[in-house]
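Single-structure report; data block below.
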Amino acid sequence: MTTAWSRRTFLATSAVLTAAVGAALTPPASAAPLSPSPSPAADPYAALRATWSRLILGEGFSPTAEPFRSRLTDLGAKARGLLETMAPADGSLWPDAVFADPDPDTDAESFAFSGRMADSFTRLNTMAQAYRQQGTGLTGSTALRDAVLTGLEHLNTQVYNDRQTRYGNWYSWQIGAPQALLDVCVLLYDAIAPERLARYCAAVDHFVPDSAVASYSGTSTGANRVDLCRVLALRGAVGASAAKIALARDALSPVFPLVSKGDGLYADGSFIQHTTVPYTGSYGSVMLGGLGMLFALLKGSDWEVTDPKRQVVFDAVENAWAPFLFNGLVMDAVAGRAISRGEADDHRRGHPILASIVLLGQGASAAENTRWRSLVKGWAQRDYYSPPLSNPSLGLTALARIKNVLDDTALTPLPEPDGHRLFPDMARATHRRPGWAASLSMADRRITYYETGNGENLRGWHTGSGMLYWWGDTFANGQYSDAFWPTVDPYRLPGTTASRKALANGAGGDWGASLPDVNWVGGATDGKRAAVGQYLRGLSSTLMAKKSWFFLDDTVVCLGAGIQCRDGATVETTVDNRNLGPTGNAPFTVDGSAKPLTLPWSATLTGASWAHLGGHGGYVFPGGATVKALRENRTGRWRDINTGGSADQLSRKYLTLWFDHGKDPSDASYAYQLLPGATEQRTAARAADSGWLLVLANSDDQQGVAVPSLGLTAVNFWFGGTAGPLVADAPCSVMVTEHGDGTATVCVSDPMRKRTSLTLTWNRAVASVVSKPATVTSAATGTSLRLVFGDLSATRGATQTVKVRLA
């Protein structure tokens, strides 16, 4: 599989490395970084390389000022460690990163070997950056430089060359390794002999031929396509190939248009990767960052990206990414299997997106650039839990961009928006109100329950079963950041209904393969409030349930009905499962009675009207309910949910509330209100106000509520029928709001995307229809409003709004 080193080459390299280690301990007196190739203005490729150096090394920061000084010191220490442990041998460059595969294949073992090959290039990239950056302690060290050059030769001779057949993960060969290799070639361009550069470029051409971007399909879509274009563009800059750069630029164009299926950006703000996985916060982040860098790289050159459709990407900053950013974090509901990576929590994943938005703004309009910088300043300032400038995984370039924004006194930070966003194309929703935000993740015939793959996210089984995440503005921002995923009970995720049937790691298959055979998932929204529903079928289970969420001003009303299962296991609906951190002493009160702080503690709360968890919020159970409560200490390891994770034991305290529907329920139900941030007094007052919330229906046919004080009536019609004043002749989601000024808004959607006609009647006197969408073919008024909708299937589950004047 690999080509053995000759003894002469090995001895020569060993001598270089021995000298390198010794010389590195005494770096040269001059700490100035190397300059790019001379006269870049006369050489367009040199100009591109100079630009790329600035993009990956950063600019506009002082290496002696914090946090840059410490970060540069850390970079130097890491590079020094790599230098000292680098030991070229047949099949490896470092002893702990053997890449020689004794049985080349595409199985998990081969994936690991190919990953180590790519990681070897990444390590060389780290060393090259330490050589070029100021203040690393190794700046300009010829020993370090020579070690990197030796490493490049070793990897080219051994594994990454134009004669090698790839094994393991395609990504390692087409993206991971060539990106790092080409970065090193740019950083050390003047030190690499032309003959060597030619061989490295030939290797890249071998693994990433032009045909890799010939078709917008398979692994060449979305974020992956942007990564491939980055490889092609840098290959052109390193190898002086105008054709490669032009190909990279032109191959970006399929990424820009909105899509209606598969990978990419959707009109409703959804972003999908791997065909079925909502991925705004992971692959979407990669795509956003990659586009920003490529736009910046090619700007002003003969290959500038001028496709007018790139405006779609600019529009997506606020349409697709901003809705999932909150106080600097990016919501886990759109992070896929990345939630199982212990080194990068939701905050650490959010910060690179902030930096990418700043970079992208440099290619947008002046108005967009200023607004985005103001958004980023607000997000960064409010991230009290994990300030971006303290993020150890954030690169120097990203740090510099965010610090530049924070230091810009001309910018006024923008607050979090207020309102609801529904994403029917990826079965997600976000809700924001003053003081808190929430996110909901569901699954249907198009959107997977969860994604596992590469040994990651092994127990994310129920994250698509109606998981309801929520955060406060100044509290609980570490709820899902502080070792939540390795320590939480994966069968009791907040908001979900799940069977306790034991599931194997990775149940359902890799890469989002498992999809529930259901269509009714979605809802209706007026942009402020929403009615959302999910017809739930359990993963590898006989579980079925109808779940509804009504997102209102200070609460989320949660209803469940028709819950049935024949797994021979208990079925539970988790009201909430709060991560209380290592100490876990938040007070818990039920109907005014304080419960023990001892661990473990559990109780069956019979006839409970309300409950309150100090520092978090309240829960109201209309009419009283039997709820189970548990305060416990849970332990786990990242390795339990990700084979590449740490084996260190972690412990966190939890307070869990759930409905126990019993073993094999036939028609179970539940109802509760979630009040994020509510005080104990406000929670008790809401529970005492029996007229505030009217549950109009909670059955297998309809689920609906009315809140008279808000003028709101909302119903999810699983089947046609009547609920309160609303009558529908087919499945739909409806929300009606009377505004108190003689007008009302009727919001309707077809979550199933199948209706060629729908008739809705609101038994309320209406004088006239002020406005209606084209889908409404007729509208009758009088003692009741009768709306006849045409082909709702064409609206893709989006909300249709009718405005009326009341009689």
Side-chain angles (χ1 to χ4, degrees), residues 13-36 52-59 61-89 92-97 99 115-156 160 176-192 200 343 391-400:
T13 302
S14 298
V16 170
L17 282 173
T18 300
V21 171
L25 298 179
T26 54
S30 173
L34 296 184
S35 60
W52 193 253
S53 290
R54 290 194 297 272
L55 285 169
I56 60 180
L57 295 176
E59 57 184 340
F61 64 87
S62 169
T64 60
E66 294 293 358
F68 305 104
R69 184 179 66 83
S70 296
R71 196 63 58 85
L72 289 165
T73 299
D74 291 344
L75 174 62
K78 186 173 183 181
R80 189 183 300 273
L82 292 172
L83 176 62
E84 293 172 347
T85 56
M86 183 174 163
S92 68
L93 186 53
W94 278 273
D96 66 337
F99 49 72
R116 294 184 198 121
M117 179 273 300
D119 180 59
S120 297
F121 279 110
T122 300
R123 295 180 184 192
L124 293 178
N125 192 10
T126 297
M127 295 165 70
Q129 290 191 39
Y131 168 72
R132 284 290 307 272
Q133 288 279 19
Q134 301 179 58
T136 65
L138 292 174
T139 306
S141 165
T142 55
L144 180 64
R145 178 201 64 195
D146 292 346
V148 174
L149 296 178
T150 297
L152 289 180
E153 274 297 282
H154 181 59
L155 292 175
N156 178 254
Y160 203 79
Q179 283 191 353
L181 165 62
L182 291 166
D183 280 0
V184 175
C185 288
V186 169
L187 293 172
L188 301 186
Y189 183 82
D190 293 329
I192 303 175
Y200 304 159
E343 74 280 2
N391 183 343
S393 63
L394 197 62
L396 284 160
T397 303
L399 271 176

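Note that this is a predicted model, so its numbers are computed, not measured. For this chain, numbers begin at 1 and follow the sequence in order. Reckoned from all heavy atoms, side chains included, excluding hydrogens, waters and symmetry mates.
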- Query: Between CZ of R145 and CG of L188, what distance do you get to the nearest 0.5 Å?
  - Reply: 8.5 Å
- Query: Just wondering, do I192 and L149 contact through their side chains at under 4.5 Å, heavy atoms?
  - Reply: yes
- Query: Can you find a pair of side-chain heavy atoms, one from Y189 and one from V186, that are under 4.5 Å apart?
  - Reply: no
- Query: What pair of heavy atoms forms the shortest contact from G58 to T397, and how long is it?
  - Reply: N-OG1, 3.2 Å
- Query: So, do Y200 and L152 sit near enough that their side-chain heavy atoms are less than 4.5 Å apart?
  - Reply: yes
- Query: How close do F99 and H154 get, heavy atom to heavy atom, and via which atoms?
  - Reply: CZ-NE2, 4.4 Å
- Message: Please report the interatomic distance CH2(W94) to CD(E84), rounded to the nearest 0.5 Å.
- Response: 12.5 Å
- Note on the structure: In terms of heavy-atom contacts, L75 and Q133 come closest through CD2-CG, 4.0 Å
- Query: Closest heavy-atom contact between L138 and G76?
  - Reply: CD1-O, 3.6 Å
- Sequence neighbours excluded, which residues qualify as ring pair (Phe, Tyr, Trp, His ring centres under 6.0 Å) partners of Y160? F121, F207
- Query: Mind checking what makes salt bridge (charged side-chain N to carboxylate O under 4.0 Å, His left out) contact with R71, not counting sequence neighbours?
  - Reply: none
- Task: State whether the side chain of S53 and the backbone N or O of L187 hold a donor-acceptor pair below 3.5 Å, judged by distance alone.
- Result: no
- Value rounded to 0.5 Å, distance of CD1 in I56 from CD in Q129: 5.5 Å
- Nearest heavy-atom approach of G135 to L72 is O-CB, 3.6 Å
- Query: Atom CG of L83 and atom OG1 of T126: how far apart are they, to the nearest 0.5 Å?
  - Reply: 12.5 Å
- Message: Quick check for you: to the nearest 0.5 Å, what is the distance between L155 atom CG and S92 atom OG?
- Response: 9.5 Å
- Item | Atom of G176, atom of A118 and distance for their closest heavy-atom approach | C-CB, 4.2 Å
- Carboxylate-amine/guanidinium contact D119 R123, below 4.0 Å: yes
- Quick one: do T139 and T136 satisfy side chain to side chain donor-acceptor pair (under 3.5 Å)? Show the steps, please. CA-CA 6 Å; T139 306; T136 65; 3.3 Å; yes
- From Q134 CD over to F68 CZ, what is the distance, rounded to the nearest 0.5 angstrom? 12.5 Å
